[in-house]
Colleague: 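Have a look at this one.
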2 protein chains.
Amino acid sequence: MTTINDIAKMANVSRTTVSRVLNNSGYASEDVRKRILKIVEETGYMPSVSAKSLRTKKSGVIGVILPKISTETASRVVGGINEVVAKEDFQILLTDTELDKEKEIEYVRLLKSRHVDGIILLSTNVNDRLIQAVTETNLPFISLGQALPGFTSVVYDDYHAAVDMTNMLIQKGHEKIAFIGVGEDDPAVGVLRKNAYVNTLEKHGYAIDDRFMEVGDFSIESGYEGMKRILKRCGDQCPTAVFVVTDRMAIGAMEYLKEQGYRIPEDIAVTGIGASTMSKYVSPSLTTIQYHNKEAGRKAAELLLAQMKNQKTDDKFVQTYRLISRDSV
Amino acid sequence: MTTINDIAKMANVSRTTVSRVLNNSGYASEDVRKRILKIVEETGYMPSVSAKSLRTKKSGVIGVILPKISTETASRVVGGINEVVAKEDFQILLTDTELDKEKEIEYVRLLKSRHVDGIILLSTNVNDRLIQAVTETNLPFISLGQALPGFTSVVYDDYHAAVDMTNMLIQKGHEKIAFIGVGEDDPAVGVLRKNAYVNTLEKHGYAIDDRFMEVGDFSIESGYEGMKRILKRCGDQCPTAVFVVTDRMAIGAMEYLKEQGYRIPEDIAVTGIGASTMSKYVSPSLTTIQYHNKEAGRKAAELLLAQMKNQKTDDKFVQTYRLISRDSV
DNA sequence: CTGAAAGCGCTTACAG
DNA sequence: CTGAAAGCGCTTACAG
């Protein structure tokens, strides 16, 4: 490994000067500068990141904590983050909690010990211990997807998105609308979307019927099972539409309906949220809501970079969404 | 930040001893050991990774180079890699070339300068400059998806998978089988799968018809366009089946066929490769080949870890596959 | 069983 | 415009 000392010797200068030239800090005569740059070029010298990091307390690495790496949403978000940070020569250190809440906290600490310059967290839940762990790191930090009190958050407009979807169903004449949600420890997906559904129905004077409501776990399978349970118990007054809070679960619900010979949307209309690639290619194509994940990732990265430069940022950035009407309604 | 010196002072020992206890290297009296561990626990001390890395030349980080992060294949593979390396407390540093071949080479060098302990590359092409760049790093290295001469590679059995698929089509009575592939700078997907198709047809005495063959770029859209071009020029002797080398392109092809009123599989059978989630939920469901991406990721990670411990590994590991028959044939 | 000292490869006041 | 020196937080022979 060539080091800064080697370069210094070869260029007949001190390593101080080499450092200055490489970092564009302080003066250096044109002559010396060129000589150094030429040698750097020839040798392919790259400064040791660890040494630099040890000295400057900056690592050039951004930590990203994901609930599950192998999902379309996650990879889109990471794509957006990467696009922005790569431009400023930052790398991403990815950690995957595999939906384990303890790991979220553990990774926050781990990333700190790895000297990351900032953290972006895609969380599926919000709790005090997590918040405390983040606070203790004292690091630039962005929460994406959930509003984390006290931290800059990039969130989707879950409430209004779900209101719009429910309203759309009502306007199409549906009165008995079923609902498949997720657990309420997830404020964004579990609580906001459900509240929107409930409030909108009530506003229109429709009764909330517990028999029409189910809870899944994000998986296609759980959408299938939820739909099955609803249909098993609705007797002679079954819903004419079902609002499912994620595309994957919606697709599971559609599977069950198709298996049972229901026609979509004639017998039952189905809607999702997420605008996954799949939603476009299932039959019938799924009416859903597009969140701009990649853009959210970009936004989060920009905010993190701003924080790292000590710029003040607002608390909360709400991303826009778009309802995509397709054939399942 | 608490450092090893703080811990040493608090425990009334030298930092040498603290280091030994923390790394389980060399002796330490039970008494001292307990005292140190207790203080570490209380303070939440975590050793500085940069300092450690500077000193030991090991970073505890594995570099992964991906052609495109936001794909199902990539995220499955990364999931598998992560599963294995996380157990040994390694982190993954992800880089995304966005299908830019220059970036592959650039990232190989960048990862080297970041002192990663090893590199796993998911490549879409093979060229001499890339091979040279990898050689120069002198780092443990695994190629996944492509056989890289001179390096340990984890590959899929592209050739036989494509042979099996073509044979299956032939056994179903198809004689005029169209083909949608990708560019030949991709040895695995572009060359092997195509050769298998061509050889299998020839073996059965069927002519290879250029009008039946198209090249896409992995996108759904390109499958759509490829199918369109084939159908525009086949006149009165159109194919009765089309073998598409990726699921996404196959789904594009199906879109076009459905739009034009073709029945699948009655008028034209369609097959893909990849067993994406989508392939299961499109209508009709897509006959495809399952590669075990996550397992390939695990295998690559294990081999890398083995190399890092200076264990010798074989050159080439061929992953198994499974043909999944569904409704599109 | 324990510690003093050197050194990993950088950057940054400080001095000239 | 340039350099000598200190120091970032560790680990590891070496000595006792």
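Atoms considered below: every heavy atom in the structure, side chains included; atoms not considered: hydrogens, waters and symmetry mates. So that the names make sense, note that chain A is the first sequence line, chain B the second, and so on, each numbered from 1.
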Colleague: Does A:Lys58 have a side-chain nitrogen or oxygen under 4.0 Å from the phosphate oxygens OP1 or OP2 of C:dT11?
Modeller: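 No, outside the criterion.
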Colleague: Mind checking the CG-OG spacing from B:Asp315 to B:Ser143? Nearest 0.5 Å is all I need.
Modeller: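 One gets 11.5 Å once the value is rounded to the nearest 0.5 Å.
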Colleague: By the salt bridge (Lys or Arg N to Asp or Glu O under 4.0 Å) test, which pairs, at least two apart or in different chains, include something from residues 34-54 of chain A?
Modeller: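 Sorted result for residues 34-54 of chain A: A:Asp31-A:Arg35, A:Lys38-A:Glu42.
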Colleague: A:Ser50 side chain N/O closer than 4.0 Å to the phosphate oxygens (OP1, OP2) of C:dG9?
Modeller: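 The answer is no; no side-chain N or O of A:Ser50 sits under 4.0 Å from OP1 or OP2.
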Colleague: Would you say C:dG9 has OP1 or OP2 under 4.0 Å from some side-chain N or O of A:Asn5?
Modeller: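 So the side chain of A:Asn5 is outside the cut-off, no N or O lying under 4.0 Å from OP1 or OP2 of C:dG9.
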Colleague: How does DNA chain D look in dot-bracket form if you count Watson-Crick and G-U pairs under 3.5 Å, write [ ] for pairs that cross, and put | where a base pairs with another strand?
Modeller: |||.||||||||.|||
Colleague: Within less than 4.0 Å of OP1 or OP2 of C:dG3, is there a side-chain N or O belonging to B:Thr17?
Modeller: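 Yes.
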Colleague: Taking 4.0 Å as the cut-off, does a side-chain nitrogen or oxygen of B:Ser14 come that near to OP1 or OP2 on C:dG3?
Modeller: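 Indeed, a polar side-chain atom of B:Ser14 lies that close.
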Colleague: Check this one for me: any side-chain N or O of A:Tyr45 less than 4.0 Å away from OP1 or OP2 of C:dC10?
Modeller: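 Result: yes.
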Colleague: Report yes if a side-chain nitrogen or oxygen of B:Ser19 is closer than 4.0 Å to either non-bridging phosphate oxygen (OP1 or OP2) of D:dT11; otherwise report no.
Modeller: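 For D:dT11, OP1 or OP2 has a side-chain N or O of B:Ser19 closer than 4.0 Å.
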Colleague: What pairs meet the salt bridge (Lys or Arg N to Asp or Glu O under 4.0 Å) rule with one or both residues in residues 123-140 of chain B, with sequence neighbours excluded?
Modeller: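 For residues 123-140 of chain B, and leaving out neighbouring residues, the salt bridge (Lys or Arg N to Asp or Glu O under 4.0 Å) pairs sorted by first residue read B:Glu102-B:Arg129.
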Colleague: Going by salt bridge (Lys or Arg N to Asp or Glu O under 4.0 Å), name the pairs with one or both residues in residues 2-13 of chain B, residues two or more places apart or in two chains.
Modeller: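 Qualifying pairs, neighbours excluded: none.
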Colleague: Under the ring-ring contact (aromatic ring centres under 6.0 Å, His included) rule, collect the residues that match up with B:Tyr107, sequence neighbours excluded.
Modeller: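 Per chain and number, B:Tyr107 pairs via ring-ring contact (aromatic ring centres under 6.0 Å, His included) with no residue.
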Colleague: For the atom pair CG (A:Leu121) and CD1 (A:Ile142), what is the distance rounded to the nearest 0.5 Å?
Modeller: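 Interatomic distance, A:Leu121 CG to A:Ile142 CD1, rounded to 0.5 Å: 11.0 Å.
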Colleague: Counting only side-chain N and O atoms of A:Thr56, is one of them less than 4.0 Å from OP1 or OP2 of C:dC10?
Modeller: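 The answer is no; no side-chain N or O of A:Thr56 sits under 4.0 Å from OP1 or OP2.
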Colleague: Nucleotides 13-16 of chain D: which of its N/O atoms have a protein N/O under 3.5 Å away?
Modeller:
none

Colleague: Is A:Lys52 close enough to C:dG9 that one of its side-chain N or O atoms is under 4.0 Å from OP1 or OP2 there?
Modeller: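 Result: no.
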